[in-house]
Amino acid sequence: QVQVVESGGGLVQAGGSLRLSCTASGLPVDDYGMGWFRQAPGKEREGVSCINFSGGATYYADSVKGRFTIFRNKANGKSTVYLQMNSLRPEDTAMYYCAADLFCSLAGVSEAVGYWGQGTQVTVSS
């Protein structure tokens, strides 16, 4: 059974930092990329960052470049991806979702082979 579980959200003041974590299991972790998406109230879900299956390629939305960093490790059949978020802004407030997919894309997640986590809330106060 595939599981994708996020943690690390919370409330932080503008300019502060948070680190999100996500662990995927029950899938061939050596083949899967992982990524982060977010959705703010009243807005469409957007891709934030992703890292490919090897960890050799990373992608970021323009709005987070230079502030967010994605990295991952694999062990014991599980893949854990982290999103280090620095210099947070009120506009970063959203529900953050982790996804595992054969493809690393900020455009979305494959319906056939992608998996979503349940989401973790990030709130940045001004």
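Nothing here was measured: the structure is a model prediction, and the numbers come from that model. Along the sequence shown, residues are numbered consecutively beginning with 1. What you see below is based on every heavy atom in this structure, not just the backbone, and it leaves out hydrogens, waters and symmetry mates.
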Ignoring hydrogens, what is the shortest heavy-atom contact between [X] and [Y]? Give both atom names and the distance.
X	Y	result
G119	M95	C-SD, 3.7 Å
A14	P90	CB-CD, 4.1 Å
V109	D101	CA-OD2, 3.4 Å
V48	L106	C-CD2, 3.9 Å

Would a hydrophobic clustering, with Ile, Leu, Val, Met, Phe, Trp and Tyr connected at side-chain separations under 4.5 Å, put [X] with [Y]?
X	Y	value
M85	V124	yes
V4	V29	yes
W36	I51	yes

Test: salt bridge (Lys or Arg N to Asp or Glu O under 4.0 Å). Region: [range]. Which pairs qualify, not counting sequence neighbours?
range	value
residues 68-89	D30-K74
residues 113-126	none
residues 110-126	none

Looking at residues at least two apart in the chain, or sitting in another chain, which of them share a ring pair (Phe, Tyr, Trp, His ring centres under 6.0 Å) with Y32?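 Partners of Y32 under the ring pair (Phe, Tyr, Trp, His ring centres under 6.0 Å) test: none.
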Contacts of S125 that satisfy side-chain hydrogen bond (donor to acceptor under 3.5 Å, both in side chains) - sequence neighbours left out: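 Partners of S125 under the side-chain hydrogen bond (donor to acceptor under 3.5 Å, both in side chains) test: none.
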Taking only residues two or more places apart in sequence or in another chain, which ones pass side-chain hydrogen bond (donor to acceptor under 3.5 Å, both in side chains) with N86?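 Per chain and number, N86 pairs via side-chain hydrogen bond (donor to acceptor under 3.5 Å, both in side chains) with S17, Q84.
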Whether the side chain of S54 engages the backbone of G56 through a donor-acceptor N/O pair (distance < 3.5 Å, no angle test) should be reported.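 It does hold such a pair.
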For Q118, does its backbone N or O pair with a side-chain atom of E6 as donor and acceptor, under 3.5 Å?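 Pair found, side chain donor or acceptor close to backbone of Q118.
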So which pairs with a foot in residues 41-50 pass side-chain hydrogen bond (donor to acceptor under 3.5 Å, both in side chains), sequence neighbours left out?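 Of all non-adjacent pairs touching residues 41-50, those that pass side-chain hydrogen bond (donor to acceptor under 3.5 Å, both in side chains) are R38-E46.
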State which residues pass salt bridge (charged side-chain N to carboxylate O under 4.0 Å, His left out) with K65; sequence neighbours excluded, sorted by chain then number.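 By the salt bridge (charged side-chain N to carboxylate O under 4.0 Å, His left out) rule, K65 matches D62.
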Which pairs pass disulfide (SG to SG under 2.5 Å) with one or both residues in residues 65-126, sequence neighbours excluded?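 Sorted result for residues 65-126: C22-C98, C50-C104.
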ring-ring contact (aromatic ring centres under 6.0 Å, His included) partners of residues 79-126, not counting sequence neighbours, each pair once: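 Only F37-W116, F71-Y82 qualify under ring-ring contact (aromatic ring centres under 6.0 Å, His included).
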Any pair with a residue in residues 43-64 that passes ring-ring contact (aromatic ring centres under 6.0 Å, His included), sequence neighbours left out, goes on the list, sorted by first then second residue, please.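 Not a single pair qualifies under ring-ring contact (aromatic ring centres under 6.0 Å, His included).
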Could you check whether T123 and T93, counting side-chain N and O atoms only, form a donor-acceptor pair closer than 3.5 Å?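 There is no such pair between these side chains.
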List for me each residue that meets side chain to side chain contact (heavy atoms under 4.5 Å, CB included) alongside S7, sequence neighbours excluded, and say none if there are none.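 Expected list: S21.
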So do the side chains of R67 and D92 get within less than 4.5 Å of each other, counting heavy atoms only?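 Sidechains of D92 and R67: in contact.
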